[in-house]
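Take a look at the structure set out below.
Owing to the predicted nature of the structure, the values given are computational and were not obtained by experimental measurement.
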Amino acid sequence: MHRIERVLRHLELSSSLEHCHSAQQQVPQLTAATTGSLFTTEKHTTTMADPIRVCVTGAAGQIAYSLVPHVAGGNMFGPDQPIILSLLDIAPCMGAVRGVEMELQDCAYPLLQSVIATSDPNEAFNNVDFCHPGGSVPPPRGHGAQGPAGQECRHLRGA
């Protein structure tokens with residue numbers, strides 16, 4: 001049974017109980033909460049924090065494709081932390097990055113306030129609070145894995 005069917009069934013049972021009880025016995029009003037039990041008698045209110053800006057580099061890659069739903073869904077920074085997601089990759093990969101952006105918008109994550117898809121590092125790293133360097137620029141020959149990380153760190157430091 002789907003959650004909506006359970007809610008409707010429970011509400012139907014509650015309304016039939018209200019007719020059976022006398023005026024002295026009150027049936028508590030049910031409100032859906034965002035956390036805890038499906039049915040609760042107390043209202044749950046949350047205060048949303050200021051959004052944090054998260055940059056994911058190599059956004060067209062498989063690692064980023066696996067990571068961004070967890071960031072947008074609240075698994076990384078918590079269920080009450082709004083996110084502004086910045087996706088960075090090289091210009092030839094921007095078609096795939098736009099596809100990731102559209103999938104994120106289609107999923108309608110409640111914590112995801114906006115998505116910025118860009119190949120410009122200055123735009124991607126602007127006011128970023130957290131960065132996941134998944135890669136973007138292949139390392140030069142003989143430099144091992146220091147190539148992409150070094151270039152991304154220079155953008156973060158402003159050098």
Side-chain angles (χ1 to χ4, degrees), residues 1-11 30-40 42-159:
M1 185 181 302
H2 294 286
R3 179 179 273 185
I4 294 173
E5 291 171 338
R6 286 193 309 235
V7 170
L8 292 174
R9 184 172 168 215
H10 190 75
L11 290 175
L30 300 175
T31 58
T34 56
T35 59
S37 172
L38 179 61
F39 300 107
T40 182
E42 59 188 51
K43 292 185 179 179
H44 179 76
T45 58
T46 59
T47 306
M48 293 296 260
D50 290 336
I52 60 172
R53 294 178 178 267
V54 179
C55 179
V56 177
T57 64
Q62 293 177 355
I63 294 171
Y65 187 78
S66 298
L67 176 72
V68 292
H70 293 286
V71 175
N75 295 335
M76 187 174 235
F77 297 104
D80 295 328
Q81 180 59 61
I83 302 289
I84 297 173
L85 194 56
S86 178
L87 305 175
L88 174 68
D89 214 315
I90 57 177
C93 296
M94 285 311 293
V97 175
R98 298 272 186 240
V100 173
E101 177 185 20
M102 286 188 285
E103 285 188 31
L104 287 168
Q105 290 170 347
D106 287 345
C107 288
Y109 291 104
L111 297 175
L112 188 61
Q113 290 194 348
S114 68
V115 179
I116 301 164
T118 183
S119 61
D120 179 17
N122 293 323
E123 181 183 359
F125 294 126
N126 187 24
N127 296 323
V128 167
D129 298 307
F130 182 83
C131 178
H132 183 276
S136 64
V137 179
R141 273 185 202 234
H143 285 84
Q146 293 295 326
Q151 289 185 8
E152 289 163 5
C153 289
R154 279 195 301 270
H155 285 293
L156 287 172
R157 286 190 307 244

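- When atom types are taken as modelled, the side chain of Q81 and the backbone of D50 share a donor-acceptor pair closer than 3.5 angstrom.
- Within the structure, side-chain hydrogen bond (donor to acceptor under 3.5 Å, both in side chains) pairs that include any residue of residues 90-106 comprise Y65-E103 (at least two apart or interchain).
- A donor-acceptor contact shorter than 3.5 Å links the side chain of D129 to the backbone of R53.
- Looking only at distances, a side-chain donor or acceptor of S86 sits under 3.5 Å from a matching main-chain atom of A124.
- The line from OG1 of T118 to CD of E123 is 3.5 Å long, rounded to the nearest 0.5 Å.
- When side chains are defined from C-beta on, L111 does not count as touching V71, because their heavy atoms never get closer than 4.5 Å.
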Derivation and outcome, side chain to side chain contact (heavy atoms under 4.5 Å, CB included), residues F125 and T57: CA-CA 10 Å; F125 294 126; T57 64; 3.8 Å; yes
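- Residues A64 and G58 approach most closely at CB-O, 3.3 Å, considering heavy atoms.
- A distance of 11.5 Å separates CD1 in I83 from CG in L104, rounded to the nearest 0.5 Å.
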Test log, rule side chain to side chain contact (heavy atoms under 4.5 Å, CB included), inputs S119 and I90: CA-CA 5 Å; S119 61; I90 57 177; 5.9 Å; no
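- Taking all atoms of both residues into account, the shortest heavy-atom contact from L87 to A59 is CB-CB, 3.6 Å.
- Pairing each heavy atom of P133 with each of C131, the nearest pair is CD-O, 3.4 Å.
- Under the rule for a ring-ring contact (aromatic ring centres under 6.0 Å, His included), the partners of F77 that lie at least two apart in sequence or sit in another chain are F130.
- Looking at Y109 and P69, their side chains come closer than 4.5 Å, going by heavy atoms from C-beta outward.
- L85 pairs in a side-chain contact (heavy atoms from CB on, under 4.5 Å) with only one of the listed residues (I52, V100, L112, I116), which is L112.
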Working for side chain to side chain contact (heavy atoms under 4.5 Å, CB included), residues I63 and H132: CA-CA 10 Å; I63 294 171; H132 183 276; 4.1 Å; yes
Candidate pair V56 and L67, rule side chain to side chain contact (heavy atoms under 4.5 Å, CB included), full reasoning: CA-CA 9 Å; V56 177; L67 176 72; 4.2 Å; yes
